[in-house]
Amino acid sequence: LFTTQGRSFSVSKSEEPSVLPDSSSIKSPEPIFDAFLSYQKTDRSVVRRIQRFLESYRPPNRSRRLKVYLDQTDMCGGSLPKNLSKALSESCALVVCWSEKAAHSPWVEKEIMQFRDFGHEHRIAIVHVAGGGPTVKQAALSGLEPVEHDLRRGWRGGLLTPTGKT
């Protein structure tokens, strides 16, 4: 059972996401979200912190702060797979919150593949949140050289300060 904003869903992220709708049937509308956070549920606390940080930022020459999709805070009811597919199609960028657990998550893999299917592979970033070495190995990311940020050393001065490749 998945619960957010007082609503319950019968599909959990621990289940196999084989029911994600085919991305070819979803028309990519005008973006609503600046970023979609893909993660494994064991990393939820650091991912929530990343969301709060990003949503506190207002880019220069923009009247609004960034809008970041996180299933825990942005789901409004209905089918989890359909909600995730719709949010992916409405997002400018995919931020993959990487850990050893995320490397084995079928949900993270499906979200990466679907975002690539929309033709946005150049808008994928990796944020290392837990685990060992810097190498990201997953078939869904093959052939890509996404921007990578390393948060495993923590947050400096309470702010997000990426280290590693930028």
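Owing to the predicted nature of the structure, the values given are computational and were not obtained by experimental measurement. FYI, side chains are in, hydrogens and waters are out, and symmetry mates aren't considered; it's all heavy atoms of this structure.
- Listed by first and then second residue, the salt bridge (Lys or Arg N to Asp or Glu O under 4.0 Å) pairs involving residues 57-69 are D34-R62, D34-R64 (not counting sequence neighbours).
- Taking T42 as the reference, Q40 meet the side chain to side chain donor-acceptor pair (under 3.5 Å) condition, with sequence neighbours excluded.
- Between L80 and W107 the shortest side-chain heavy-atom distance falls below 4.5 Å.
- A heavy-atom distance below 4.5 Å is not found between the side chains of L94 and H120.
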Practice item. May I have the step-by-step check of side chain to side chain contact (heavy atoms under 4.5 Å, CB included) for I126 and H149, ending in yes or no? Key: CA-CA 6 Å; I126 305 294; H149 299 277; over 6 Å; no
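- Not counting sequence neighbours, the partners of S99 by the side chain to side chain donor-acceptor pair (under 3.5 Å) test are D43.
- Taking the side-chain contact (heavy atoms from CB on, under 4.5 Å) definition, one finds that A103 meets it with W98, sequence neighbours left out.
- For the pairing with Y39, the side chain to side chain contact (heavy atoms under 4.5 Å, CB included) check across V46, V108, L70 returns one residue only, L70.
- If you take CG on L54 and CG on L37, they are separated by 6.5 Å, rounding to the nearest 0.5 Å.
- Atom-to-atom distance recorded for S89:OG and D117:CG is 12.0 Å, nearest 0.5 angstrom.
- Taking 4.5 Å as the limit, some side-chain heavy atom of I50 sits within range of a side-chain heavy atom of L151.
- Note that CG of L84 is 8.5 Å distant from CD of Q114, once rounded to the nearest 0.5 Å.
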Check your understanding: Could you go step by step and tell me if V95 and I124 meet the side chain to side chain contact (heavy atoms under 4.5 Å, CB included) rule?
Key -> CA-CA 6 Å; V95 177; I124 298 174; over 6 Å; no
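- Side-chain contact check for S85 versus F118: every heavy-atom pair is 4.5 Å or farther apart.
- Applying the ring pair (Phe, Tyr, Trp, His ring centres under 6.0 Å) test to residues at least two apart or on different chains, the pairs with a partner in residues 60-91 are F33-Y69, F36-Y69.
- Residues passing the side chain to side chain donor-acceptor pair (under 3.5 Å) test with Q51, sequence neighbours excluded: R48, T73.
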